[in-house]
Amino acid sequence: MTSPDSTPFSLEPSEDVREVREWVHAFARDVIRPAAEEWDEREETPWPLIQEASKVGLYSLDFFATQWLEPTGLGIPVAFEELFWGDAGIALSIVGTGLAAASIAAVGTPDQINEWVPQMFGTPDDVRLGAFCASEPDAGSDVGSIRARAVFDEAKDEWVLDGTKTWATNGGIADVHVVVASVHPDLGSRGQASFIVPPNTPGLKQGQKFRKHGIRASHTAEVVLDGVRIPSRLIIGGKEKFDERIARVREGKRAKGQAAMKTFETTRPSVGAMALGVGRAAYDYALGYAREREQFGKKIGDFQAIAFKLADMKCQVDAARLMVWRAAWMARTGKDFENAEGSMAKLMASEMAVRVTEEAIQILGGNGYTREYPVERMHRDAKIFTIFEGTSEIQRLVIGRTLTGLPVR
């Protein structure tokens with residue numbers, strides 16, 4: 001028999017991951033939660049909180065890189081769950097730069113990573129942001145329909161970008177923008193590339209800022225590109241590698257994937273962890289309420305109708321966490337998502353968050369429907385996770401295609 005000390009399988013996070021979880025949870029509890037209602041009402045970027053996160057080292061390249069490279073893959077999911085347990089809008093303002101950073105880290109050259117990723121975070125005294133710009137007014141789930149153009153000006157050795165991006169987190173207020181554009185429209189998504197737009201580049205400006213249903217402390221806006229010129233070296237991955245990929249495509253060979261989809265594949269388990277934090281926060285609040293609230297002379301948690309709701313909520317939260325952890329572990333250890341496990345994690349966690357936050361409102365009754373109690377805000381925040389970085393329908397499409405090997409439509 002195998003002794004307990006040599007058991008080869010464990011769901012217990014490492015000591016380092018547990019320490020990070022406790023540290024981030026304390027920040028979420030003591031700094032984020034007390035400010036959540038205010039910044040939701042203001043619908044503004046919570047700069048003081050981002051700066052506070054930077055001062056303690058939570059908003060920093062070092063933190064993101066350390067957790068991203070954590071050996072088991074649980075560093076980022078555990079940290080994100082705790083941040084979003086605090087508040088989704090503020091947390092997204094803190095981690096939103098990570099999507100742009102990941103897009104460069106995933107396929108960028110070493111020089112691009114070393115030069116531009118640090119500029120997305122800045123320092124505690126000079127906090128900066130990054131923005132990833134993929135979606136367009138007519139290209140959300142249909143990434144292949146992107147119309148923003150990138151044309152190479154050979155005489156000046158520059159790329160010229162034109163178009164309008166939408167739904168960009170930190171769009172227009174970021175210091176560094178990563179823009180997905182079409183270089184060869186006839187090739188659809190295979191003819192696209194991602195480009196780094198440096199700070200204060202002429203021709204880039206913020207368009208409409210969106211007033212949203214939830215995550216209102218996170219800045220979401222259009223980004224307008226009008227004759228934006230950038231050096232040729234700022235195509236992510238390098239122009240030579242891009243040209244080689246296009247040549248393979250034109251020869252009918254399989255391409256290695258394009259930048260936007262690579263970014264989404266990398267970050268889907270992390271988005272699942274965000275949703276997990278919101279769902280867990282709603283469950284925690286509803287559980288505490290059910291233990292204290294009295295009706296008909298009893299704690300409402302004594303009633304089977306409420307206890308069964310809590311039981312289902314807890315099962316769904318824990319099941320979603322297991323799927324997120326599995327996908328994160330697979331990604332970190334280099335295992336292929338043979339059954340679209342990344343999409344599975346994002347799908348299950350996001351839909352769990354919507355269900356659990358709705359049940360939390362139901363448990364609180366009329367109180368839950370008012371802004372005096374946080375579950376109303378949590379419910380509004382939860383919905384976005386079934387939409388951004390791939391809708392639930394797109395996740396099911398990806399999973400279905402992966403399982404069947406057929407071009408499911």
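The structure presented is a predicted model; accordingly, all values stated were derived computationally and were not measured. Below, all heavy atoms of this structure are taken into account, side chains as well, without hydrogens, waters or symmetry copies.
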Enquirer: What's the shortest heavy-atom distance between Ala221 and Gln206, and which atoms?
Expert: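 Smallest heavy-atom distance, with atoms named: CB-CG, 3.9 Å.
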Enquirer: Quick one: does Val228's side chain get under 4.5 Å of Ile230's, heavy atoms only?
Expert: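 Heavy-atom side-chain distance check passes, below 4.5 Å.
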Enquirer: Look only at the side chain of Arg18 and the backbone of Pro13, and say whether a donor-acceptor pair between them is shorter than 3.5 Å.
Expert: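 Side chain of Arg18 to backbone of Pro13, a donor-acceptor pair under 3.5 Å: yes, one is there.
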Enquirer: Under 3.5 Å, is there a donor-acceptor pair between the side chain of Lys346 and the main chain of Phe385?
Expert: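 Yes.
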Enquirer: Is Glu376 salt-bridged to Arg380, going by a charged N under 4.0 Å from an acidic O?
Expert: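 Yes.
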Enquirer: In residues 32-39, what donor-acceptor pairs under 3.5 Å come from side-chain atoms, sequence neighbours left out?
Expert:
| residue | atom | partner | partner atom | Å |
| --- | --- | --- | --- | --- |
| Arg33 | NE | Trp85 | O | 3.3 |
| Arg33 | NH2 | Trp85 | O | 2.9 |
| Glu38 | OE2 | Arg42 | NH1 | 2.9 |

Enquirer: Between Leu322 and Asp318, is any pair of side-chain heavy atoms under 4.5 Å apart?
Expert: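 Result no, sub-4.5 Å side-chain heavy-atom pair not found.
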Enquirer: Are any non-hydrogen side-chain atoms of Pro198 and Trp116 less than 4.5 angstrom apart?
Expert: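 Counting from C-beta outward, Pro198 and Trp116 do come under 4.5 Å.
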Enquirer: Kindly list each side-chain donor-acceptor pair under 3.5 angstrom involving residues 69-76, sequence neighbours excluded, with atom names and distances?
Expert:
| residue | atom | partner | partner atom | Å |
| --- | --- | --- | --- | --- |
| Glu70 | OE1 | Thr72 | N | 3.1 |
| Glu70 | OE1 | Thr72 | OG1 | 2.6 |
| Glu70 | OE1 | Gly73 | N | 3.0 |
| Glu70 | OE1 | Leu74 | N | 3.0 |
| Glu70 | OE1 | Gly75 | N | 3.4 |
| Glu70 | OE2 | Thr72 | N | 3.3 |
| Glu70 | OE2 | Thr72 | OG1 | 3.0 |
| Thr72 | OG1 | Leu74 | N | 3.4 |

Enquirer: Does a side-chain heavy-atom distance below 4.5 Å link Pro46 with Ser93?
Expert: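 Result yes, sub-4.5 Å side-chain heavy-atom pair found.
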Enquirer: Regarding Arg147 and Glu136, does a basic nitrogen lie under 4.0 Å from an acidic carboxylate oxygen?
Expert: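 No, Arg147 and Glu136 are not salt-bridged.
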Enquirer: How long is the gap from CD on Glu82 to CZ on Phe27, to the nearest 0.5 Å?
Expert: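 So the CD of Glu82 and the CZ of Phe27 are separated by 13.0 Å.
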Enquirer: Quick one: sort the Phe64 and Phe80 rings into parallel, tilted or perpendicular, breaks at 30° and 60°.
Expert: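 Judged by the thresholds at 30° and 60°, the geometry between Phe64 and Phe80 is perpendicular.
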Enquirer: Between Thr166 and Pro137, which heavy-atom pair has the shortest distance, and what is it?
Expert: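 Smallest heavy-atom distance, with atoms named: CG2-N, 3.7 Å.
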Enquirer: Show the atom names and distances, to 0.1 Å, of all donor-acceptor pairs under 3.5 Å that link a side chain in residues 397-409 to residues at least two apart or in another chain.
Expert:
| residue | atom | partner | partner atom | Å |
| --- | --- | --- | --- | --- |
| Arg401 | NE | Val408 | O | 2.9 |
| Arg401 | NH2 | Val408 | O | 3.1 |
| Thr402 | OG1 | Val398 | O | 2.7 |
| Thr404 | OG1 | Gly400 | O | 2.9 |
| Thr404 | OG1 | Leu406 | N | 3.0 |

Enquirer: I need the single residue from Glu158, Gln112, Glu115 that forms a side chain to side chain donor-acceptor pair (under 3.5 Å) with Arg233. Which is it?
Expert: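 Of Glu158, Gln112, Glu115, side chain to side chain donor-acceptor pair (under 3.5 Å) with Arg233 is met by Glu115 alone.
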Enquirer: Is there a ring pair (Phe, Tyr, Trp, His ring centres under 6.0 Å) between Trp159 and Phe195 once you walk through the steps?
Expert: CA-CA 9 Å; Trp159 291 99; Phe195 300 85; 5.1 Å; yes
Enquirer: When you check the gap from the basic side-chain N to the acidic O, do Lys335 and Glu341 get nearer than 4.0 Å?
Expert: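 Between Glu341 and Lys335 there is no salt bridge, as every charged N stays at least 4.0 Å from the carboxylate O atoms.
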Enquirer: Could you tell me whether Asp186 and Arg250 make a salt bridge, using a distance below 4.0 angstrom between a side-chain N and a carboxylate O?
Expert: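 Arg250 and Asp186: salt-bridged.
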Enquirer: Does the side chain of Tyr369 come within less than 4.5 Å of Leu364's, by heavy atoms?
Expert: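 A side-chain contact under 4.5 Å is absent here.
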